[in-house]
Amino acid sequence: MSEDRTTKSRAPLGKSRAPLGESPALGESPAALARLEHVIGTVLRGGVLISTVCLSVGLLLSLTTTSDAASGFLLNAGIIVLLSTPVARVIVSTVQYVIERDWAFATLTVIVLFELMASAVAALVFNRR
Amino acid sequence: MPVVTASLALIIFAAGTVAGALGALLGLGGGVFLVPFLNLVLGFPFSAAAAISLTTVIATSSTVSAGRAGKQLINMKLGMLLEVATAAGSFLGGVTAQFVAQSVLQKMFGFVAVIVALIMLSRLRHRNVILDPAADPGVLGGRYHDAESGCTVTYRVKRLPLAVAASFVAGNVSSLLGIGGGIIKVPVLNAWCGIPLRAAAATSAFMIGVTATAGAVVYYGHGLLQPTLAAAAVLGVQLGSWGGMKFGAAASTKWLKILMAAVLFIVSAMMFVRGGR
């Protein structure tokens with residue numbers, strides 16, 4: 001039993017999307033969407049894996065040894081990879097939308113990138129104080 | 001800033017595990033539980049708690065969204081559109097957070113938590129009604145297979161300006177308070193914009209990575225993020241959200257809404273007590 005009484009149909013996924021794909025204005029075909037989801041999934045998994053390894057090893061080193069340099073490097077590297085993963089996800093989305101010539105969404109994702117850059121600039125300004 | 005010890009790291013790891021599991025179940029990101037724990041229970045400064053929490057929120061978003069990608073549950077187009085608003089709000093929040101007193105942030109946290117809890121309870125019986133079963137979801141709508149009912153769910157996005165406004169506020173509150181912002185977006189998207197709870201939660205969790213990054217970068221640059229404790233929290237949350245995802249698909253939406261509201265009332269009361277001192 002579902003709470004949300006939204007439209008339900010037994011039609012197989014994607015089949016009823018066909019009329020959508022025919023209209024170039026609406027862009028996104030099921031294949032393109034699947035490709036974007038696949039690429040994004042890979043980027044996110046990769047970022048999570050690298051940052052998790054860096055943070056785990058860094059945390060173990062910082063708690064078990066006194067070598068602050070190695071653990072500090074790994075911990076900061078892990079955090080930077082973690083913070084970069086969503087940025088990388090936006091970048092691959094922009095690339096994918098440009099390939100699909102979906103200019104509206106390419107523009108939107110570029111705006112998001114600029115906003116993230118503004119944050120990085122603000123961070124540097126704070127750091128200098 | 002508290003002294004880093006192995007036992008403190010272990011406590012934070014455990015708290016992260018619980019927060020991550022609850023966050024994955026509720027589509028919140030876990031920060032709404034971790035911030036009060038770090039601030040109220042462990043006595044961290046609010047900004048240090050927010051910085052650690054935002055980092056875990058990013059990890060949750062990436063982990064949860066990586067697992068969901070390919071299942072059509074995340075509405076990518078709507079997410080990317082709303083990210084423009086949520087990242088702008090988050091950037092402004094991250095900057096203003098550096099100048100706002102802790103007691104003000106605590107009261108804000110309490111206020112936000114209680115408002116959202118009330119919305120969730122008042123909308124418990126609300127249902128999205130789309131009359132035409134063969135409805136065209138439009139550019140921003142979506143269609144996904146619902147594991148709970150075994151049906152294909154199709155929806156259209158209603159009241160887009162409201163969704164954009166809610167995303168801006170969510171982004172702002174996110175970096176000010178160290179939460180994901182799903183706490184604001186999910187109820188609005190679900191109750192007023194015609195998006196089923198599961199799709200709203202998945203899309204929100206997807207956006208939250210970008211939202212939290214815009215805020216977390218500012219805290220990191222300001223030196224408010226303690227790397228060892230952040231690592232412990234992130235790893236705990238990773239473990240917890242992995243567990244939450246396994247269990248989450250089978251949980252009923254009504255149960256989720258009631259649990260969400262109850263937790264928020266408790267957190268809110270605690271924040272008002274502490275912020276009022």
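The structure displayed is predicted, hence computed values, not measured ones. In what follows, chains are A, B, ... by sequence order, proteins preceding strands, each numbered from 1.
B:Gln226 places a side-chain N or O within 3.5 Å of a backbone atom of B:Thr228 that can act as its donor or acceptor partner. Checking side-chain atoms of A:Ser62 against main-chain N and O of A:Ser71 turns up no donor-acceptor pair under 3.5 Å. Listed for the B:Thr55 side chain is no donor-acceptor partner under 3.5 Å among the backbone atoms of B:Ala230.
B:Leu82 is listed as a side-chain neighbour of B:Leu189, based on a closest heavy-atom distance under 4.5 Å. Inter-residue side-chain proximity for B:Met80 and A:Arg89 is flagged as met; some heavy-atom pair is nearer than 4.5 Å. B:Trp192 is not listed as a side-chain neighbour of B:Lys158, based on a closest heavy-atom distance of 4.5 Å or more. Taking 4.5 Å as the limit, some side-chain heavy atom of B:Tyr220 sits within range of a side-chain heavy atom of A:Ile79. You'll find the side chain of A:Cys54 stays beyond 4.5 Å of the side chain of A:Leu75, heavy atoms only. By the 4.5 Å heavy-atom criterion applied to side chains, A:Ile40 and A:Ser93 are counted as neighbours.
Pairing each heavy atom of B:Leu176 with each of B:Gly93, the nearest pair is CD2-O, 3.6 Å. Shortest non-hydrogen contact noted between B:Met207 and B:Glu83 is CA-OE2, 3.6 Å.
Only the side chain of B:Val234 comes within contact range of chain A, with at least one heavy atom under 4.5 Å from a heavy atom of that chain. Only the side chain of A:Ile80 comes within contact range of chain B, with heavy atoms under 4.5 Å apart. With a threshold of 4.5 angstrom between heavy atoms, B:Ala59 approaches chain A through its backbone and through its side chain. Within the 4.5 angstrom heavy-atom criterion, atoms from both the backbone and the side chain of B:Leu81 approach chain A. Contact annotation for B:Phe206: both backbone and side-chain heavy atoms come within less than 4.5 Å of a heavy atom of chain A.
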CA sep, side-chain torsions, deciding dist, call: A:Thr52, B:Gln238, side chain to side chain donor-acceptor pair (under 3.5 Å): CA-CA 8 Å; A:Thr52 303; B:Gln238 297 282 54; 3.1 Å; yes
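For chain A, the option among B:Ala88, B:Ala216, B:Ala6 with the highest count of heavy-atom pairs below 4.5 Å is B:Ala88. With chain A as the partner, the residue from B:Val95, B:Leu92, B:Leu54 showing the most heavy-atom pairs under 4.5 Å is B:Val95.
Of all residues spanning residues 108-116 of chain A, those with a heavy atom less than 4.5 Å away from chain B's heavy atoms are A:Leu108, A:Thr109, A:Ile111, A:Val112, A:Glu115, A:Leu116, arranged by number. Contact residues of residues 81-88 of chain A toward chain B are A:Leu82, A:Leu83, A:Thr85, A:Pro86, A:Val87 (heavy-atom distance under 4.5 Å).
A donor-acceptor contact closer than 3.5 angstrom links the side chains of B:Thr211 and B:Thr86.
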